[in-house]
**Student:** 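Quick one: the structure is below, and I'll ask about it shortly.
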Amino acid sequence: MSVLKATNLVQYIIENRVGDITDCVAIDATMGNGNDTLFLTKLLGSKGKIYSFDIQIQAIDKTKKLLEENNFIETENANLILDSHGNIGSYVKEEIDIAMFNLGYLPGGDHTVVTNGEITLKALKYILSLLKKSGIISLIIYYGHEGGKEEKDSIISFTNSLDSRSYRVLRCDYTNQGNNPPIVLFIEKK
Ligand SMILES: C[S@@+](CC[C@H](N)C(=O)[O-])C[C@H]1O[C@@H](n2cnc3c(N)ncnc32)[C@H](O)[C@@H]1O
């Protein structure tokens, strides 16, 4: 196995976790260009349900197109929601197996539309409250943008404070990848 880049590392861990779970509930908290939603759709097939969020219509359009190009129909098991992950409580009430956050701005989009530490934490806390035993949340933290450092610090401080009897937190740093390389966090409910 090679040293995977951040997005592949996250997918590798999640793929292994999902294994043969049936009725898997997964969240893509930051849909963007749709790569994680497509990954989850392929991974879960008909045995899962995906809720994907973004605040930009461009992200919904791109993701819908990507799913169609790969012969998946939206709504079949992926729900593409044009709303903030801060409002996830209005959409997701059931227990959650997997959640993916990929923070920062939409690559190829408006770099001023970025995730926000307070809102990210609100979503993260809600997902934690519904996370199943052995469920996993992944976060790829890009923090080179305006407000990115504050968001990174607040998330790391929060995840560091999680009770080790209930959660396992893993942090992966890429240490030689230039300025502000992504930080990857995994939270597993024990
Ligand atoms: C780094 S991109 C995500 C990349 C994506 N996972 C992919 O596979 O292409 C971050 C995305 O988060 C979105 N975003 C920012 N604030 C958000 C919020 N409060 N709720 C949901 N999405 C948000 C941005 O619009 C942007 O598309």
Side-chain angles (χ1 to χ4, degrees), residues 4-15 18 25-44 48 50-70 72 74 77-92 96 98-128 130 136-155 158 172 174 177-187:
L4 299 168
K5 65 176 190 170
T7 44
N8 293 344
L9 173 65
V10 162
Q11 294 187 355
Y12 177 79
I13 298 275
I14 289 178
E15 210 168 322
V18 167
V25 175
I27 311 294
D28 180 356
T30 49
M31 196 183 329
N33 289 323
N35 300 302
D36 292 328
T37 294
L38 177 63
F39 160 74
L40 289 168
T41 305
K42 283 181 176 167
L43 181 65
L44 301 185
I50 302 152
Y51 296 91
S52 300
F53 293 85
D54 208 292
I55 48 174
Q56 299 191 72
I57 185 71
Q58 191 187 342
I60 308 280
D61 292 344
K62 284 203 158 189
T63 303
K64 207 177 268 187
K65 189 158 173 273
L66 187 66
L67 290 178
E68 281 165 9
E69 283 165 2
N70 284 274
F72 293 106
E74 197 205 327
N77 57 1
N79 303 286
L80 310 187
I81 300 165
L82 179 61
D83 200 351
S84 167
H85 46 229
N87 298 326
I88 182 172
S90 307
Y91 303 90
V92 183
I96 295 167
I98 298 294
M100 303 174 79
F101 286 81
N102 191 333
L103 305 177
Y105 53 76
L106 178 65
D110 182 346
H111 289 197
T112 63
V113 182
V114 290
T115 49
N116 165 286
E118 246 173 70
I119 299 171
T120 303
L121 271 184
K122 183 178 175 207
L124 186 56
K125 287 177 184 172
Y126 183 79
I127 292 169
L128 277 173
L130 289 176
I136 290 186
I137 303 173
S138 68
L139 298 114
I140 302 181
I141 308 176
Y142 294 97
Y143 54 95
H145 56 84
E146 175 114 27
K149 194 172 172 310
E150 290 75 12
E151 180 176 38
K152 165 179 78 70
D153 291 345
S154 64
I155 291 167
F158 172 71
C172 306
Y174 293 83
Q177 303 294 301
N179 290 332
N180 309 317
I183 294 170
V184 183
L185 291 179
F186 296 98
I187 307 168

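Ligands are counted one by one from 1 in listed order, and the atoms in each one are counted from 1 as well. The analysis underlying the following values was restricted to heavy atoms, covering all of them including side chains, and did not include hydrogens, waters or symmetry mates. Index from 1, following the sequence.
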**Student:** Could you go through ligand 1 and list every pair where one of its N or O atoms sits under 3.5 Å from a protein N or O, giving the atom names and the distance to one decimal?
**Tutor:**
| unit_1 | atom_1 | unit_2 | atom_2 | d |
| --- | --- | --- | --- | --- |
| ligand 1 | 6 (N) | Thr30 | O | 2.9 |
| ligand 1 | 6 (N) | Asp36 | OD2 | 3.0 |
| ligand 1 | 8 (O) | Asn35 | N | 3.1 |
| ligand 1 | 8 (O) | Asp36 | N | 3.3 |
| ligand 1 | 9 (O) | Asn33 | N | 2.9 |
| ligand 1 | 9 (O) | Asn35 | ND2 | 3.3 |
| ligand 1 | 19 (N) | Ser84 | OG | 3.1 |
| ligand 1 | 19 (N) | His85 | NE2 | 3.4 |
| ligand 1 | 20 (N) | His85 | N | 2.9 |
| ligand 1 | 20 (N) | His85 | ND1 | 3.2 |
| ligand 1 | 25 (O) | Asp54 | OD1 | 2.7 |
| ligand 1 | 25 (O) | Gln56 | NE2 | 2.8 |
| ligand 1 | 27 (O) | Asp54 | OD2 | 2.7 |

**Student:** For Lys5, what residues pass the salt bridge (charged side-chain N to carboxylate O under 4.0 Å, His left out) criterion, not counting sequence neighbours?
**Tutor:**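 Per chain and number, Lys5 pairs via salt bridge (charged side-chain N to carboxylate O under 4.0 Å, His left out) with no residue.
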**Student:** If you look at every heavy atom in Tyr142 and Leu103, which pair is closest and at what distance?
**Tutor:** CD1-O, 3.2 Å
**Student:** Check side-chain hydrogen bond (donor to acceptor under 3.5 Å, both in side chains) between Asn87 and all other residues, then give those that pass, not counting sequence neighbours.
**Tutor:** Asp83
**Student:** Are Leu43 and Gln11 side-chain neighbours, meaning at least one heavy-atom pair lies under 4.5 Å?
**Tutor:** no
**Student:** If we only count heavy atoms from C-beta on, is the Phe101 to Ile141 side-chain gap below 4.5 Å?
**Tutor:** no
**Student:** Mind checking ring pair (Phe, Tyr, Trp, His ring centres under 6.0 Å) for Tyr91 and listing every partner two or more places apart, or none if nothing turns up?
**Tutor:**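 Applying ring pair (Phe, Tyr, Trp, His ring centres under 6.0 Å) to Tyr91 gives Phe53.
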